[in-house]
Protein chains: 2
Amino acid sequence: MSDVDVEAPGQPGRRPRGRPGYDRDTVLRRAIELFNRQGYDATSINDLAVDLGVSKSALYHHFDSKEALLSAALDEALEGLSSAVAAAADATRDESAYDRLRATVEAAVHILVAHLPAVTLLLRVRGNSPLEMSALERRRHIDEQLATLVRQAAAEGDLRDDVDPEVISRLVFGMVNSLTDWYRPDGPIPPDTIAAAVAGVLFQGLHASR
Amino acid sequence: MSDVDVEAPGQPGRRPRGRPGYDRDTVLRRAIELFNRQGYDATSINDLAVDLGVSKSALYHHFDSKEALLSAALDEALEGLSSAVAAAADATRDESAYDRLRATVEAAVHILVAHLPAVTLLLRVRGNSPLEMSALERRRHIDEQLATLVRQAAAEGDLRDDVDPEVISRLVFGMVNSLTDWYRPDGPIPPDTIAAAVAGVLFQGLHASR
DNA sequence: GTCTATACCGCGATAGAC
DNA sequence: GTCTATCGCGGTATAGAC
């Protein structure tokens, strides 16, 4: 977790004296939240300005363009995901691929939860610009790491053999990524619980254990 | 499956003589495809006109507005889903909730595959307009039917009891709905195969059966 | 059912004062 | 770091001829 420079995190608007306005990171947080709620394309700079209570041009002091906001958000998500997935796969390198896969899935859930807004935005990118295409490419690369783990576990005979490993990868990603549609870290379910639930359902299935 | 009026399904552009141009349904198919590829908000009427090789105003002959295109697409997805889920839950009414749940999941996969473009669009709706909010509400109602089935199966003791039934519902939806991100009916995997794979992984889990 | 031309608006972004 | 004012573009949608 690399921290960013924080200047005046408090409420703006009342201008306490000294430095008014927003710092760059606060603008980014609000932008990500709005992008997720309305969609990136459906969110105008004016929407964000109104939401923050400042004028449009004030935002251009912090970010060169609307796309620069998106870029910063996608970078955060991609860096968090790639480092976490790589670390998880690495920390368990002497175990079976099956165990490493399970550890990686749980790690992916944790990082998704920790960076939920940024990851949500990343997962909705459609590839409409060079920036978005680049993000999709980086994401595809991360996915490939997990797909490799699935193939290894399948080769070791620990996964069901009636479903293609590539399909298994897709289904695993599908369930994990779908958390962005409803899970909230400040809700009633702790991150450890949801990570265990996802891994449990994925690996043991829904049926009651006898 | 209610059919729509089809007039001149053939290739346009060369104007064979008689009636040139497109029928309403062809315009809708292409619109849905573009909306899915670029996102609804990022797709302009001009994009669609260029894609079809006609002028913008020609499109307004078939649909009153851009939103009317979205409305028609969402209706198709919602009608298909609700009727299919209701039918599946109904056809197996004398079996256990567990078996009915599994049958409903497979039916949901099939209908999702059959109406893939429209369902994909539906799942990406954010609620940015009254129309979109209405679609989200109808979708929530369909989800509730499956959630009820999950609760029944849990009450009958056939589901693992270490995960909340509401969470199970979310995870099931997550995996099923994620098919829209990659599955293609004209690809190498037949619909029956993917439906069996999803149900198998969900209910038995990924582990190799001993 | 299509076309050209256009009205009208909101978008991203900039200039320059405070 | 903020503001007002504005530019230029591209958006949805319409008018009316063919």
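Values below: all heavy atoms of this structure, side chains included; hydrogens, waters and symmetry mates excluded. Lettering follows sequence order; numbering is per chain, from 1.
The CG-P distance, from B:L70 to D:dT12, rounds to 13 Å in whole Å. Distance, A:D25 CG to D:dG1 C1': 17 Å, rounded to whole Å. Rounded to whole angstrom, the span from the OH atom of B:Y60 across to the C1' atom of D:dA17 amounts to 20 Å. Rounded to a whole Å, the OH atom of B:Y40 is 12 Å from the C1' atom of D:dG11. In this structure, CG of B:L69 is placed 13 Å from C1' of D:dA13, rounded to the nearest angstrom. When rounded to the nearest whole Å, the span between NZ of B:K56 and P of D:dT12 equals 7 Å. As a whole-Å value, the separation of A:F63 CZ from C:dT14 P is 15 Å.
Looking at A:Y183, its side chain does come within 3.5 Å of a backbone N or O of A:I189 through a donor-acceptor pair.
Comparing D:dC3, C:dC3, C:dG12 by their nearest atom to the side chain of B:S55 picks out C:dC3.
You'll find the side chain of A:P190 reaches within 4.5 Å of the side chain of A:T193, heavy atoms only. Inter-residue side-chain proximity for B:H62 and B:D23 is flagged as unmet; no heavy-atom pair is nearer than 4.5 Å.
OP1 or OP2 of C:dC11 has at least one side-chain nitrogen or oxygen of A:S44 nearer than 4.0 Å. Side-chain nitrogen and oxygen atoms of B:H61 include none within less than 4.0 Å of the OP1 or OP2 phosphate oxygen of C:dC3.
Judged by atom type and distance alone, B:S57 does not reach the base of C:dT2 through any side-chain donor-acceptor pair under 3.5 Å.
Taking each heavy atom of A:A73 and A:A118 in turn, the nearest pair found is O-CB, 3.7 Å.
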